[in-house]
Protein chains: 2
Amino acid sequence: MNIGAAAEASGVNAKMIRHYEAIGLLPPPARRDNSYRDYGAQEVHELRFIGRARKLGFAMPEIAALLTLWRDKGRPSREVKRIASRHLDDLEERIAVMRSMASALRRLVEACHGDERPDCPILDRLEEGF
Amino acid sequence: MNIGAAAEASGVNAKMIRHYEAIGLLPPPARRDNSYRDYGAQEVHELRFIGRARKLGFAMPEIAALLTLWRDKGRPSREVKRIASRHLDDLEERIAVMRSMASALRRLVEACHGDERPDCPILDRLEEGF
DNA sequence: ACTAAACCTTTCCATCATGGGAAGGTCAAG
DNA sequence: CTTGACCTTCCCATGATGGAAAGGTTTAGT
């Protein structure tokens, strides 16, 4: 299977597949005589795994760790849970930050009359920082 | 006022001040004989504005637009409100995405017993994608 | 007056995930 | 036999941030 077909089958585009190989996330695949990369079902399976982990917002080092654990059929689930929990904490932290940004902004937007007059609580806030 | 002092006074570090100048967000400041950048109260005021906008999560193009409006004392608040509203929508969209990531992950983490046994719903989910 | 520290300058490089584009080789269908 | 759709590698760009080098200047301490 060429890289384009593997991309299609896995949902990870060809550019990214090469990238994941370059950063060592994936082992270099077999090459055909024409030097084209050649992928099989297993590789596509791993690519799918990566794609799903990205959709859950895992960063690349975390994905690398999860992938290693996934390949190791005897891994302790403790390890996996630890990585996922840490990521979850991180996500929740970032959500909290964004929520506080959003609520501050929402108050300002609601307070701004938004017409042709120049006075605006949004700019006041950015100016004064109160 | 040297760049270091302006950084201290505004809370925006010197590296970033030069960067904002380089991307055209700030006009090039006066230079002293020694070619050091020379800042006054107005510049520090603008830097503070930028810092606060960053804290509210505005992206640089948005900040550039807000800064232009802020400088224009006769701007219609409508413009400002429009930019802020759009950013707010964007923030809320991203929060929603992250919340759905987090809740999916939370369910998985809770379902994983996290001991020395190898079976793990987190990996199952990444594998199967159900 | 000399020296060392603490500034300042520019320029280059790196991050992280993603992708555009060039230049060139290969393959399949018309 | 040409055309178009692949593939290859390599370089560059993003956005916000910062590290580091190599060099000039100012300030403080002796």
Check the distance between [N]'s [atom2] and [X]'s [atom1] and give it to me in whole angstrom.
X: A/E21; N: C/dA17; atom1: CD; atom2: C1'; answer: 17 Å
X: B/R18; N: D/dG15; atom1: CZ; atom2: P; answer: 21 Å
X: A/N13; N: D/dC7; atom1: CG; atom2: P; answer: 11 Å
X: B/I50; N: D/dT17; atom1: CD1; atom2: C1'; answer: 15 Å
X: B/R32; N: D/dG24; atom1: CZ; atom2: C1'; answer: 16 Å
X: B/I3; N: D/dT26; atom1: CD1; atom2: P; answer: 16 Å
X: B/I23; N: D/dT14; atom1: CD1; atom2: C1'; answer: 12 Å
X: B/M16; N: D/dG15; atom1: CE; atom2: P; answer: 13 Å

A/H19 side chain vs A/A14 backbone, donor-acceptor pair below 3.5 Å
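Not confirmed, A/H19 side chain does not pair with A/A14 backbone.
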Is the backbone of B/D115 close enough, under 3.5 Å, to the side chain of A/S77 for a donor and an acceptor to pair up by distance?
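Such a contact is found between A/S77 side chain and B/D115 backbone.
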Indicate, with a heavy-atom threshold strictly under 4.0 Å, whether A/R31 touches base, sugar-phosphate, or nothing.
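Sugar-phosphate only.
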Determine the contact category for A/M60: base if any of its heavy atoms lies under 4.0 Å from a base atom, sugar-phosphate if only primed atoms, P, OP1 or OP2 are that close, otherwise nothing.
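The residue A/M60 makes sugar-phosphate contact but no base contact.
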Which residue lies more 5' along DNA chain C, comparing B/A14 with A/P61 via nearest heavy atoms
B/A14
Is it true that [X] and [Y] make a salt bridge, defined as a side-chain N closer than 4.0 Å to a carboxylate O?
X: B/D90; Y: B/R86; result: no
X: A/E127; Y: B/R48; result: no
X: A/E79; Y: A/R82; result: yes
X: B/D38; Y: B/R32; result: yes

Starting from B/F58, can I reach B/L26 by hopping between I/L/V/M/F/W/Y residues whose side chains sit under 4.5 Å apart?
yes
One pair to check against salt bridge (charged side-chain N to carboxylate O under 4.0 Å, His left out): B/E21 and B/R18. What are the steps and the verdict?
CA-CA 5 Å; B/E21 179 189 334; B/R18 292 195 197 94; over 6 Å; no
Set out, line by line, the N/O atom pairs under 3.5 Å between protein and nucleotides 11-13 of chain C.
none

Below 4.0 Å: OP1/OP2 of C/dT18 and any side-chain N or O of A/Y20
yes
Taking only side-chain nitrogens and oxygens of B/R54, does any of them come within less than 4.0 Å of OP1 or OP2 of D/dT17?
yes
Using side chain to side chain contact (heavy atoms under 4.5 Å, CB included), reason through B/R99 and A/R99 one step at a time and then give a plain yes or no.
CA-CA 11 Å; B/R99 281 165 67 90; A/R99 281 166 65 91; 3.0 Å; yes
Going by heavy atoms closer than 4.0 Å, what residues in residues 33-47 of chain B are next to DNA chain D?
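Residues of residues 33-47 of chain B under 4.0 Å from DNA chain D: B/N34, B/Y36.
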Nearest-nucleotide 5' precedence on DNA chain D, A/G4 against B/F58:
A/G4
